[in-house]
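Quick note: numbers below take in every heavy atom, side chains included, and nothing from hydrogens, waters or symmetry partners.
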Amino acid sequence: MTHELTLHEAAEELGVHYMTAYRYVRTGMLDAAKSGGTWRVARAALDRFRVGGAAGPAPAGRPAPWADRLEARLLAGDAGGAWAVVEAAMTAGTEVEAVYVDLLSPALVSIGDRWERGEIDVADEHRASGLAMRIVGRLGHRFARRGRRRGVVIVGAPQGESHSLPVAILGDLMRLRGWTVADLGGDVPSVSLGYAARESPDAVAIGLSVTCSEGLGALRAACAAIRVAAPDLLVVAGGQAIVDGEHARSYGADSFAADASAFDVLLAARLATRAAHPVEPSGDSAADTELE
């Protein structure tokens with residue numbers, strides 16, 4: 001028995017039309033790869049599809065494993081298929097915020113973990129991240145919210161922290177919550193973070209994302225520069241490299257936010273403090289409302 005089949009052969013074994021099998025591939029239900037312009041399906045992938053789980057149709061009454069399907073298409077370098085998974089999830093009722101929180105972020109974390117374990121090459125990880133950024137670009141306009149803005153927030157990553165995708169995702173999620181966002185992206189020098197803080201007197205806070213532990217030293221320098229430039233600006237650190245509030249404060253931040261919702265809570269608390277005390281004492285870190 002051959003270990004690899006064409007998509008036509010796979011469709012015949014599954015008893016479905018070729019276009020149905022093709023839809024399975026493009027929505028992440030059936031693992032396949034293109035070789036010489038032809039879709040090829042490994043026998044093991046076909047067996048997984050039949051058994052179910054991450055592959056194949058979701059059992060009745062259970063949510064489809066969209067994050068797993070998206071991860072498969074990102075790793076395959078399949079831009080069209082990755083977007084098809086997102087579209088299928090939204091058609092099935094997934095809200096745009098959940099696309100980021102429940103699909104894209106888990107898929108990227110899993111891909112990062114697989115790279116750290118040596119299961120995939122860094123080229124695979126970078127290609128997947130590039131496709132994910134394209135998805136964020138296509139979804140960005142859906143996060144615009146009408147009405148009065150709640151305030152200004154700055155987001156970015158310290159120098160040496162090249163992962164700009166988490167920053168872009170955070171920025172969109174904060175826009176959805178009614179904030180005007182100044183997205184500085186990744187690898188921002190400390191002096192530039194200080195400059196942005198000083199030149200944004202209306203900003204409520206600055207959120208700094210650190211994904212890798214190697215970037216923690218730069219976080220300390222960034223927090224120090226921001227302190228000099230804008231002493232009263234709330235500095236919030238987050239990302240996979242930050243464990244909790246104590247960890248964040250040890251590098252000079254005021255607070256820690258595990259996700260966009262936690263960041264929003266901190267911002268709301270800072271607005272409430274400003275309303276109650278229009279002029280804050282220098283160095284006041286405000287209430288550390290963490291979700292840990």
Side-chain angles (χ1 to χ4, degrees), residues 95-105 132-133 135-158 161 163-186 188 192-211 219 222-223 225-227 229-240 242 245 248 253-278 280 284-292:
E95 297 292 338
V96 67
E97 179 174 355
V99 171
Y100 279 8
V101 175
D102 299 330
L103 276 70
L104 192 58
S105 293
M133 185 62 83
I135 291 173
V136 169
R138 294 183 71 169
L139 289 175
H141 71 281
R142 296 173 181 260
F143 289 86
R145 200 179 87 169
R146 293 182 179 179
R148 186 176 180 180
R149 302 290 89 189
R150 296 170 63 191
V152 177
V153 61
I154 306 168
V155 296
E161 177 57 72
H163 292 84
S164 60
L165 187 53
V167 178
I169 290 174
L170 174 62
D172 277 350
L173 292 173
M174 300 316 293
R175 291 185 185 95
L176 187 64
R177 288 165 169 78
W179 297 94
T180 296
V181 178
D183 183 349
L184 306 182
V188 186
S192 296
L193 289 169
Y195 170 83
R198 184 176 61 252
E199 296 300 311
S200 305
D202 295 332
V204 178
I206 182 167
L208 301 175
S209 172
V210 184
T211 301
L219 173 64
C223 290
I226 294 166
R227 288 271 181 254
D232 295 328
L233 187 66
L234 181 67
V235 182
V236 181
Q240 285 183 272
I242 309 297
D254 291 309
S255 304
F256 161 73
D259 52 32
S261 295
F263 193 24
D264 190 54
V265 170
L266 290 167
L267 295 175
R270 173 49 65 105
L271 286 181
T273 300
R274 282 185 174 182
H277 307 284
E280 295 181 353
D284 179 23
S285 63
D288 194 3
T289 312
E290 298 169 10
L291 297 186
E292 303 179 30

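Rounding to the nearest 0.5 Å gives a distance of 9.5 Å between CZ of Arg175 and CG of Leu170. Separation of atoms OG (Ser209) and CD (Glu161) is listed at 6.0 Å; rounding is to 0.5 Å. Rounding to the nearest 0.5 Å gives a distance of 7.0 Å between OH of Tyr100 and CG of Leu173. Expressed to the nearest 0.5 Å, how far CG of Leu193 lies from SG of Cys223 amounts to 9.0 Å. Interatomic distance, Asp259 CG to Ile169 CD1, rounded to the nearest 0.5 Å: 12.5 Å. Taken from CZ in Arg227 to CG in Asp232, the straight-line distance is 9.5 Å, to the nearest 0.5 Å.
Using modelled atom types, one side-chain atom of Thr273 and one backbone atom of Ala269 make a donor-acceptor pair closer than 3.5 Å. Checked by atom type and distance alone, the side chain of Thr211 never pairs as donor or acceptor with a backbone atom of Gly239 at under 3.5 Å.
Contact between Ile154 and Ala196 at its shortest, heavy atoms only, is CD1-O, 3.8 Å. Across all their heavy atoms, Met174 and Ala260 have their closest contact at SD-O, 3.8 Å. Taking all atoms of both residues into account, the shortest heavy-atom contact from Ala222 to Leu208 is CB-CD1, 4.2 Å. Among all heavy-atom pairs drawn from Ala205 and Phe263, the shortest one is CB-CE1, 4.4 Å. The minimum heavy-atom distance linking Ala168 with Asp183 is given by the pair CA-OD2, 3.7 Å. Smallest separation of non-hydrogen atoms from Arg150 and Ala268: NH2-CB, 4.0 Å.
At least one side-chain heavy atom of Val167 sits under 4.5 Å from a side-chain heavy atom of Val155. Thr180 is not listed as a side-chain neighbour of Asp202, based on a closest heavy-atom distance of 4.5 Å or more. Contact of the Val99 side chain with the Leu139 side chain is registered, since non-hydrogen atoms from C-beta on lie closer than 4.5 Å. Side-chain atoms of Leu184 and Ser192, non-hydrogen and from C-beta on, never get closer than 4.5 Å to each other.
If you run salt bridge (Lys or Arg N to Asp or Glu O under 4.0 Å) between Glu97 and each of Arg145, Arg177, Arg142, only Arg177 comes through.
No more than 12 heavy-atom neighbours from other residues, nucleotides or ligands sit within 6.0 angstrom of CD on Glu95.
One finds no salt bridge joining Arg270 and Asp254 here, because no Lys/Arg side-chain nitrogen approaches an Asp/Glu carboxylate oxygen to under 4.0 Å.
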| request: Report the C-alpha separation of Leu266 and Phe256 in whole Å, then their side-chain angles, then the decisive distance to 0.1 Å, and conclude whether the side chain to side chain contact (heavy atoms under 4.5 Å, CB included) test is met. | output: CA-CA 9 Å; Leu266 290 167; Phe256 161 73; over 6 Å; no
